[in-house]
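If you're wondering where the values come from, they're calculated on a predicted model, not measured in any experiment. Note: hydrogens, waters and symmetry copies are ignored here, and every other heavy atom, side chains too, is used.
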Amino acid sequence: MLLSLVLHTYSMRYLLPGVVLLGSAPTYLLAWALWRVLSALLPARLYQRVDDRLYCVYQNMVLFFFENYTGVQILLYGDLPKNKENVIYLANHQSTVDWIIADMLAARQNALGHVRYVLKDRLKWIPLYGFYFAQHGGIYVKRSAKFNEKEMRNMLQSYVNAGTPMYLVIFPEGTRYNRTQTKVLSASQAFAAQRGLPVLKHVLTPRIKATHVAFDSMKSHLDAIYDVTVVYEGNEEGSGKYSNTPSMTEFLCKQCPKLHIHFDRIDKNEVPEEQEHMKKWLHERFEIKDKLLIEFYDSPDPERRNKFPGKSVHSRLSVKKTLPSVLVLGSLTAVMLMTETGRKLYMGTWLYGTLLGCLWFVIKT
């Protein structure tokens, strides 16, 4: 019975992060809304600078739980620039944790506030977060024929014209790779075969539209493209096979002791501009990812298995950088909840903030 209680308690490790992260969302949105009102008559760049700083505070709290709290060991392969850059971040997509991997790398460049995502359209309906991500520069896109190229291009061009720092995160596969979803994998492989492209094993065939529009719209503003390949090592089994990647709750329950992150910086001048040429280039980049993953999982040489080629660096993010955000937002939320007025404001933000956010999307559409 005691053992069962211990195991149950351990499996609930995600509750504390969940309560703190979700619980402080209204506090954060109120702080942002106050700044939005106060900055209405101020230069747009000043608003953006403070908004980036606010976003950095919240995301540092996220990183406290996903790095410091879990104690995950991060092994970084490749030379991550120390300085901030305007970039498009391209990565393989396996888990909801992938979004936070981008934050981890950006934090190591002091560019965390500049992270903006290209997101699936349905995610805009997430209470509070969906609306705020759009305000922070996130772009919601629909798949295939419903993809609105003009809208995405106009939004990105407005950011370029405003000089907005960009760390734009895109997952070109369009959906998460899951080896158990054989229909998705088979369809992706069939699509590649029909078009004479190499069939990929550990990643899906990448889609070009969002990547091309982003690059074409921002090329005068960009410094580079970051090509990132991620492995969640805790999912390997003894024979070199592996299970599904962890969800956010599983990750917070320490089911991933190690993260392997292969980083490759590509100068923007090395990227072809014409869409068909870029399509070929992007598929070649995913061929490289696939070969890296095949060697990681399936190499016949045990010495080369469970690691990427080259030297790795154990990268740590100091708790001094992340804990203050937890204390500040946690304390502000606790103070708000101590009074009846504060509690009404808190619940009203969840309710009316969600409704107004949804209404904003409906009107915009």
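- A cation-pi geometry, defined here as NZ or CZ lying under 6.0 Å from the six-membered ring centre and within 45° of its normal, does not hold between R116 and Y89.
- Looking only at atom types and distance, the side chain of Y232 has a donor-acceptor partner in the side chain of D98 under 3.5 Å away.
- Contact check on E67 versus R108 returns a salt bridge, with a Lys/Arg side-chain nitrogen under 4.0 Å from an Asp/Glu carboxylate oxygen.
- When the side-chain contact (heavy atoms from CB on, under 4.5 Å) test is applied to E287, the partners found at least two apart in sequence or on another chain are P198, L200, H283, E284.
- Looking at residues two or more places apart in sequence or on another chain, you find a salt bridge (Lys or Arg N to Asp or Glu O under 4.0 Å) between K124 and D121.
- Under the side-chain contact (heavy atoms from CB on, under 4.5 Å) criterion, M336 pairs with T27, L30, Y346, not counting sequence neighbours.
- Within 6.0 Å of NZ in K280 there are 12 or fewer heavy atoms belonging to other residues, nucleotides or ligands.
- Remark: D267 pairs with R265, N269, E270 by the side-chain contact (heavy atoms from CB on, under 4.5 Å) rule, at least two apart or across chains.
- The side chain to side chain donor-acceptor pair (under 3.5 Å) search around D227 returns R285, K289, not counting sequence neighbours.
- Checked against side chain to side chain donor-acceptor pair (under 3.5 Å), E274 has no partners two or more places apart in sequence or in another chain.
- In this structure, the separation between CG on N86 and OG1 on T164 is 9.0 Å, given to the nearest 0.5 Å.
- Residue R343 places its CZ atom among more than 12 non-hydrogen atoms of other residues, nucleotides or ligands, all under 6.0 Å distant.
- Inspection of the K321 and N68 side chains reveals no N or O donor paired with an N or O acceptor under 3.5 Å.
- For H262, the ring-ring contact (aromatic ring centres under 6.0 Å, His included) partners two or more places apart in sequence, or in a different chain, are F308.
- Ionic pairing of R207 and E173 is not present here: no N-O contact between side-chain nitrogen and carboxylate oxygen is shorter than 4.0 angstrom.
- A side-chain N or O of T205 and one of S188 form a donor-acceptor pair less than 3.5 Å apart.
- Inspection of the Y159 and Q48 side chains reveals no N or O donor paired with an N or O acceptor under 3.5 Å.
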Side chains of residues 54-65: which donor-acceptor partners sit under 3.5 Å, not counting sequence neighbours?
| residue | atom | partner | partner atom | Å |
| --- | --- | --- | --- | --- |
| Y58 | OH | L21 | O | 2.8 |
| Y58 | OH | Y129 | OH | 2.6 |
| Q59 | NE2 | D103 | OD2 | 2.5 |
| N60 | ND2 | C56 | O | 3.2 |

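- Taking CD1 from I288 and NZ from K291, the interatomic distance works out to 7.5 Å, rounded to the nearest 0.5 Å.
- Remark: R45 fails to qualify as a cation-pi partner of Y47 under the 6.0 Å distance and 45° angle criteria applied to the six-membered ring.
- Aromatic pair Y297/H202: centroids less than 6.0 angstrom apart.
- Side-chain contact annotation: D264 with Y77, donor-acceptor N/O pair under 3.5 Å absent.
- Using modelled atom types, one finds a donor on one side chain and an acceptor on the other under 3.5 Å when comparing T249 with S247.
- Residues Y167 and E85 have side chains that never bring a donor and an acceptor to within less than 3.5 angstrom of each other.
- Classification of E340 and K344 as a salt-bridged pair holds, one side-chain N sitting under 4.0 Å from a carboxylate O.
- Within the model, atoms CD1 of I101 and CD of Q94 stand 9.5 Å from one another, a figure rounded to the nearest 0.5 Å.
- Not counting sequence neighbours, D223 has no partner by the salt bridge (Lys or Arg N to Asp or Glu O under 4.0 Å) test.
- Among residues two or more places apart in sequence or in another chain, the ring-ring contact (aromatic ring centres under 6.0 Å, His included) test is passed with F361 by W125, Y140.
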TODO: Take V231 and L293 through the side-chain contact (heavy atoms from CB on, under 4.5 Å) test and state the conclusion after the steps.
DONE: CA-CA 8 Å; V231 168; L293 293 169; 3.3 Å; yes
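- Looking at heavy atoms from C-beta onward, V97 lies out of side-chain contact with E250 at the 4.5 angstrom threshold.
- The salt bridge (charged side-chain N to carboxylate O under 4.0 Å, His left out) contacts involving residues 149-159 comprise E149-R153, R153-D216, where partners must be two or more places apart or lie in separate chains.
- If you take CG on L259 and CD on Q73, they are separated by 9.5 Å, rounding to the nearest 0.5 Å.
- Listed by chain and number, the residues in a side-chain contact (heavy atoms from CB on, under 4.5 Å) with A214 are I88, M152, L156, L168, I170 (sequence neighbours excluded).
- A ring-ring contact (aromatic ring centres under 6.0 Å, His included) with H93 is found for exactly one of F171, Y177, Y117, namely F171.
- Distance check: Y352 OH to M347 CE gives 11.0 Å after rounding to the nearest 0.5 Å.
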